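If you're wondering where the values come from, they're calculated on a predicted model, not measured in any experiment. Proteins come first, then strands; the chains are lettered A, B, ... in the order of their sequence lines, and each starts at number 1.
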There are 2 protein chains.
Amino acid sequence: MEQRPGGRSARVRDAVRQATLAELAEQGYGGLTVENVAIRSGVHKTTVYRRWGSVEGLIADALGIAREEPWPIPDTGSFQEDLREIVLLVQRGFADPVAGPISTAFVTAAAQSGDAARSLHDFFTARHEQAAEVVRRAVERGEVPAGTDGAEVIRMAVAPIYYRLFVTHEPVTEHDAIRAADAATVAARAGVIR
Amino acid sequence: MEQRPGGRSARVRDAVRQATLAELAEQGYGGLTVENVAIRSGVHKTTVYRRWGSVEGLIADALGIAREEPWPIPDTGSFQEDLREIVLLVQRGFADPVAGPISTAFVTAAAQSGDAARSLHDFFTARHEQAAEVVRRAVERGEVPAGTDGAEVIRMAVAPIYYRLFVTHEPVTEHDAIRAADAATVAARAGVIR
DNA sequence: CTCCAAAGTCTACTCCAGTTGCGTTAAGTC
DNA sequence: GACTTAACGCAACTGGAGTAGACTTTGGAG
């Protein structure tokens with residue numbers, strides 16, 4: 001990333017990243033400013049502007065870290081249960097008082113900045129690919145027809161959660177999550193998703 | 001809304017609304033500023049700030065108008081066809097060079113402003129209710145089990161479109177729309193959505 | 001150890017979104 | 001047709017996001 005990765009630069013980078021996440025968790029995307037991140041991190045404002053450019057840059061960077069850490073793909077032996085687990089994980093993530101605002105901020109930022117949008121796109125591409133494993137296993141067990149598009153099954157399952165959160169602004173319950181997962185399960189079994 | 005609805009106030013209101021939509025269509029949400037709307041409409045900046053408050057206020061107002069105009073609910077005689085029509089209508093709406101940016105701006109604005117979020121919520125509540133008509137007819141025909149949640153079927157059908165557009169930032173094709181509609185059709189027939 | 005340039009700091013500035021206070025216009029009322 | 005006041009217009013102001021340029025620190029190479 002930078003030409004001098006060691007020592008001071010690394011400290012600055014980590015301090016800013018941590019401050020960004022903390023601000024996002026407390027204030028959400030609307031309250032995130034370069035100035036506050038600079039103060040909180042102890043790094044000078046101009047430095048943040050030079051290396052990250054803007055609020056969107058801070059978020060794009062934070063997203064890069066988020067993409068690194070893998071998530072637990074369930075393997076219960078049942079396709080329906082696996083899908084339910086995945087969707088519930090998403091739903092609970094947004095309900096979490098710390099992780100929720102941060103995840104929300106990522107989506108909101110991507111709606112405004114091309115950079116953040118690309119980062120988020122890559123993030124979800126990786127997630128879909130990982131989660132599609134449960135579909136591959138279901139195909140092997142004969143629960144789901146061969147040729148089923150695994151990533152698309154995941155999209156179908158989680159989409160209603162995001163739809164409620166970011167489009168219609170309706171509350172989301174665990175029941176909603178389970179229902180969405182089950183609908184995707186039925187559709188996949190019927191061979192509609194290919 | 002205002003205590004003096006006639007004459008000048010009405011002209012101001014209409015000019016600002018029209019300018020808002022024009023700016024949104026051309027510039028999108030990112031390029032929408034109160035100042036530009038003021039200039040374009042010929043109304044003074046201060047006046048726009050007083051009556052609409054901010055960019056979000058302009059959008060919340062524009063959404064109010066959008067909610068008024070009803071949309072065509074299909075009645076092809078086939079549940080599957082009806083659902084496909086609805087989802088394709090949504091997909092084509094976003095692909096449209098004029099309506100697309102405006103719709104996108106609504107969603108983006110709602111992600112940041114509580115007022116816009118409430119307006120959008122009401123908007124979609126009305127849409128879901130209207131579109132649920134196709135499910136009611138399907139129940140009458142015996143295509144779908146009684147007790148099926150009509151609004152939820154609509155959510156399931158359109159959610160993947162919005163998910164791709166606003167969350168993962170993936171391209172959306174007509175094929176995606178049809179597949180999503182068909183998946184919702186299968187799930188509804190199976191009695192999973194209630 | 002020495003050197004040098006990359007990276008960070010600091011101060012002062014610009015610019016523009018949003019506000020304020022006051023004067024002007026015209027909508028609604030009798 | 002005169003009066004009241006809601007609503008609009010106007011110009012000057014404020015505050016904070018973002019920039020510019022000179023100066024200082026320090027990581028890394030020889």
Side-chain angles (χ1 to χ4, degrees), chain A residues 1-20 22-24 26-62 64 105 108-109 111-116, chain B residues 1-20 22-24 26-62 64 105 108-109 111-116:
Chain A
M1 186 178 182
E2 56 256 323
Q3 297 183 27
R4 280 185 179 177
R8 183 166 63 166
S9 290
R11 277 197 304 278
V12 163
R13 176 167 41 75
D14 293 346
V16 168
R17 281 178 171 172
Q18 199 174 334
T20 300
E23 285 286 317
L24 282 180
E26 284 177 20
Q27 315 266 348
Y29 176 75
L32 186 73
T33 65
V34 173
E35 206 132 5
N36 285 341
V37 169
I39 293 168
R40 183 166 206 147
S41 64
V43 172
H44 207 87
K45 183 172 81 157
T46 35
T47 300
V48 180
Y49 273 113
R50 269 207 259 278
R51 284 188 54 180
W52 284 270
S54 67
V55 170
E56 280 75 30
L58 287 171
I59 291 191
D61 182 39
T108 306
Q112 292 178 308
S113 152
D115 280 356
Chain B
M1 188 179 181
E2 55 255 326
Q3 297 184 27
R4 281 184 179 178
R8 183 168 63 166
S9 290
R11 277 196 304 277
V12 163
R13 177 167 40 76
D14 293 346
V16 168
R17 282 178 171 173
Q18 198 175 335
T20 300
E23 286 287 318
L24 282 180
E26 285 178 19
Q27 315 266 347
Y29 176 75
L32 185 74
T33 64
V34 173
E35 207 132 6
N36 285 342
V37 169
I39 292 168
R40 183 169 205 141
S41 64
V43 172
H44 205 88
K45 181 174 82 158
T46 323
T47 301
V48 180
Y49 273 114
R50 269 205 265 273
R51 283 187 55 179
W52 284 270
S54 67
V55 170
E56 280 75 30
L58 287 171
I59 291 192
D61 182 41
T108 306
Q112 292 180 308
S113 152
D115 280 355

Closest approach to the side chain of A:Arg51, judged atom by atom: which nucleotide of C:dA7, D:dG9, D:dA7 is it?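 Ranking C:dA7, D:dG9, D:dA7 by closest atom to the A:Arg51 side chain puts C:dA7 first.
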
Given D:dC8, C:dT9, D:dG9, the nucleotide with the shortest approach to the side chain of A:Val43: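 So the side chain of A:Val43 is nearest to C:dT9.
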
OP1 or OP2 of D:dG9 sitting under 4.0 Å from any side-chain N/O of B:Thr47?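 Result: yes.
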
Short side-chain N/O contact to C:dG8 OP1/OP2 from A:His44, under 4.0 Å: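 For C:dG8, neither OP1 nor OP2 has a side-chain N or O of A:His44 closer than 4.0 Å.
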
Can you measure from CG (B:Asn36) to NZ (B:Lys45) and round to the nearest 0.5 angstrom?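 Atom-to-atom, B:Asn36:CG and B:Lys45:NZ are 11.5 Å apart.
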
Separation between CG of B:Leu32 and CD of B:Gln27, rounded to the nearest 0.5 Å: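 Output value for this atom pair is 8.5 Å.
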
Are any of the side-chain heavy atoms of [X] and [Y] separated by less than 4.5 Å?
{"X": "A:Arg51", "Y": "A:Val12", "answer": "yes"}
{"X": "B:Trp52", "Y": "B:Thr20", "answer": "no"}
{"X": "B:Thr108", "Y": "B:Ile59", "answer": "no"}

Reading 5' to 3' through nucleotides 13-22 of chain C, protein heavy-atom contacts under 4.0 Å coded B for base, S for sugar-phosphate only, - for none: ----SBBBB-

Donor-acceptor pair, side chain of A:Ser41 and main chain of A:Val37, under 3.5 angstrom: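 At least one qualifying donor-acceptor pair exists.
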
Nearest-nucleotide comparison on DNA chain C, the residue closer to the 5′ end among A:Gly42 and B:Arg11: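 The residue mapped nearer the 5' terminus is A:Gly42.
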
Separation of atom CG in A:Leu58 from atom C1' in D:dA17, rounded to whole Å: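 These atoms are roughly 14 Å apart.
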
Does any donor-acceptor pair link the side chain of A:Arg8 with the base of C:dA7 at a separation under 3.5 Å?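 Donor-acceptor pair under 3.5 Å: yes.
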
